[in-house]
Amino acid sequence: MFKQLSLIFILGLGAVSTGLAQPDVDQILKQVRLVAVAQEGKLDGKLRSGRERMPVTMFLKGDNIQYHLGQGGEKVVYQLTLGANNQKLQLFDGQAWKPLPKNRYGVEIGKTNLTYEDLSLRFLYWPNGKIDEEDNIQGIACNRILLRNPDGNGKYASVLLWVGKKNAALMRIEGFDKKNQPLKRFSVAKVMKFQGGYFVESMRVEPLLPNGRVDGVPSYIEFEKPEVERRRPQ
């Protein structure tokens, strides 16, 4: 059974206290990742870039967040496993789970600009984040949080998160390489409300040039709102 919705594509619900001189970064990130109410279910959606479309299904199983990409014989199944002190990506080879090779973390999926680590958003679980500064995104006051890659896997050496100060809503993500050059920007385009949680319905992902300008066609991660079970009156 599913235990709790430990996401990835989740915007936190609880308000972060504004009375503290220095906000608790761990608490902010927890609000971004978790929803207080235990839930069960899955999310269906797609990855798209230009004319490219790829089905994706996300299963939430406690400390394991599993992804099914594509369909038929081309389906790829992998998962983000959340440990007490580390997080790892694993690939299912048809018989057993095996660690995703380090050189595949940054491999693009299909004809999109999205990689395995992009879809998993594993950097939301990187430790020792710190408030970089305060900023404003779309009229919303945000804490800008700096996270550094603890294991060196993937293309991102560091990531910046823009998180709403009042409600811990995730507004923007930007990934940087070892030379601190921008690589990619994630922007929340649309959210949906379901069973007490706020989920990203659509997120735009744009590759960036060293000067910060968008390079090429953006990709999108999109999920469908699960249908609510209808019950007859008793």
Side-chain angles (χ1 to χ4, degrees), residues 1-13 29-49 52-101 104-110 112 114-126 153-154 170 173 186 188-205 219-230:
M1 294 296 293
F2 298 96
K3 294 181 180 179
Q4 67 178 18
L5 203 51
S6 305
L7 217 164
I8 285 197
F9 297 107
I10 287 188
L11 307 182
L13 290 180
L29 292 175
K30 182 178 179 180
Q31 293 291 342
V32 171
R33 295 190 299 255
L34 303 178
V35 169
V37 181
Q39 303 201 25
E40 299 180 2
K42 68 175 184 177
L43 291 174
D44 293 308
K46 63 179 178 292
L47 310 182
R48 68 177 178 90
S49 181
E52 174 76 2
R53 301 288 189 277
M54 178 179 289
V56 57
T57 300
M58 183 169 64
F59 297 89
L60 301 124
K61 300 181 178 181
D63 291 334
N64 293 322
I65 304 170
Q66 192 176 119
Y67 307 86
H68 292 204
L69 300 170
Q71 53 192 352
E74 298 181 355
K75 180 180 289 187
V76 176
V77 179
Y78 80 109
Q79 70 181 10
L80 173 68
T81 301
L82 306 173
N85 299 308
N86 59 70
Q87 301 79 39
K88 58 184 177 181
L89 290 174
Q90 294 177 292
L91 189 68
F92 189 70
D93 66 0
Q95 296 183 338
W97 290 103
K98 296 183 177 179
L100 184 71
R104 294 191 64 178
Y105 275 60
V107 171
E108 294 180 346
I109 301 170
T112 73
L114 298 163
T115 67
Y116 288 100
E117 65 177 341
D118 288 343
L119 185 56
S120 72
L121 294 184
R122 75 184 190 100
F123 35 76
L124 292 184
Y125 299 88
W126 287 354
N153 296 333
L170 180 61
I173 305 167
F186 303 70
V188 176
K190 191 176 181 181
V191 299
M192 58 181 171
K193 187 175 183 180
F194 178 67
Q195 293 186 355
Y198 286 87
F199 304 84
V200 172
E201 184 173 342
S202 177
M203 178 179 283
R204 184 175 66 254
V205 183
S219 296
Y220 293 84
I221 303 169
E222 298 175 330
F223 286 100
E224 302 170 3
K225 184 174 182 180
E227 293 184 5
V228 178
E229 182 180 355
R230 295 183 179 180

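Because the structure is a prediction, the values reported are computed rather than measured.
Under the side chain to side chain donor-acceptor pair (under 3.5 Å) criterion, K75 pairs with no residue, sequence neighbours left out. Legend: residues meeting salt bridge (Lys or Arg N to Asp or Glu O under 4.0 Å) with K98, ordered by chain and number and at least two apart, are D93. For R53, the side chain to side chain donor-acceptor pair (under 3.5 Å) test picks out no residue, with sequence neighbours left out. Residues forming a ring pair (Phe, Tyr, Trp, His ring centres under 6.0 Å) with Y105 (at least two apart in sequence, or on another chain): none. In this structure E224 satisfies the side chain to side chain contact (heavy atoms under 4.5 Å, CB included) test together with D44, sequence neighbours excluded. Remark: P55 engages Q71 in a side chain to side chain contact (heavy atoms under 4.5 Å, CB included) (not counting sequence neighbours). Judged as a salt bridge (Lys or Arg N to Asp or Glu O under 4.0 Å), and not counting sequence neighbours, the contacts of E201 are K190. For the salt bridge (Lys or Arg N to Asp or Glu O under 4.0 Å) test, residues two or more places apart in sequence or in another chain that qualify with R204 are E206. Residues passing the side chain to side chain donor-acceptor pair (under 3.5 Å) test with Y78: none are found, sequence neighbours excluded.
Closest approach of W97 and Q66 over heavy atoms only: CZ2-NE2, 3.5 Å. Closest non-hydrogen pair, G106 versus E117, comes out as CA-OE2, 4.4 Å. Contact record, T112 with R48: CG2-C, 4.5 Å, taken as the closest heavy-atom pair. M54 and G70 make their closest contact through CG-N, 3.6 Å (heavy atoms, listed as atom of the first residue, atom of the second, distance). Considering all non-hydrogen atoms of both residues, I65 and Y125 come closest at CD1-OH, 3.9 Å.
From L89, atom CG reaches atom CZ of R104 across 11.0 Å, with rounding to the nearest 0.5 Å. Between the CD atom in Q79 and the CZ atom in F92 there is a gap of 9.5 Å [rounded to 0.5 Å]. R122 contributes atom CZ, which lies 12.5 Å from atom OG1 of T81 (distance to the nearest 0.5 angstrom). Between atom OG1 of residue T115 and atom CD1 of residue I109 there is a gap of 6.5 Å, rounded to the nearest 0.5 Å.
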Quiz prompt | Step-by-step side-chain hydrogen bond (donor to acceptor under 3.5 Å, both in side chains) determination, S49 to S219 | solution = CA-CA 4 Å; S49 181; S219 296; 3.3 Å; yes
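Counting heavy atoms from C-beta outward, V56 and I221 have side chains that stay 4.5 Å or more apart. L119 places none of its side-chain heavy atoms less than 4.5 Å from the side chain of L114. Under the 4.5 Å side-chain criterion, counting only non-hydrogen atoms from C-beta, Y116 is not in contact with L80. For the pair V76/L91, a side-chain contact is recorded, criterion being any heavy-atom separation below 4.5 Å from C-beta on. At a threshold of 4.5 Å between non-hydrogen side-chain atoms, the residues F186 and L170 do not count as touching. Counting heavy atoms from C-beta on, the side chains of L121 and I173 come closer than 4.5 Å.
Ring geometry for F59 against H68 counts as tilted: the plane angle lies between 30° and 60°, on a 0 to 90° scale.
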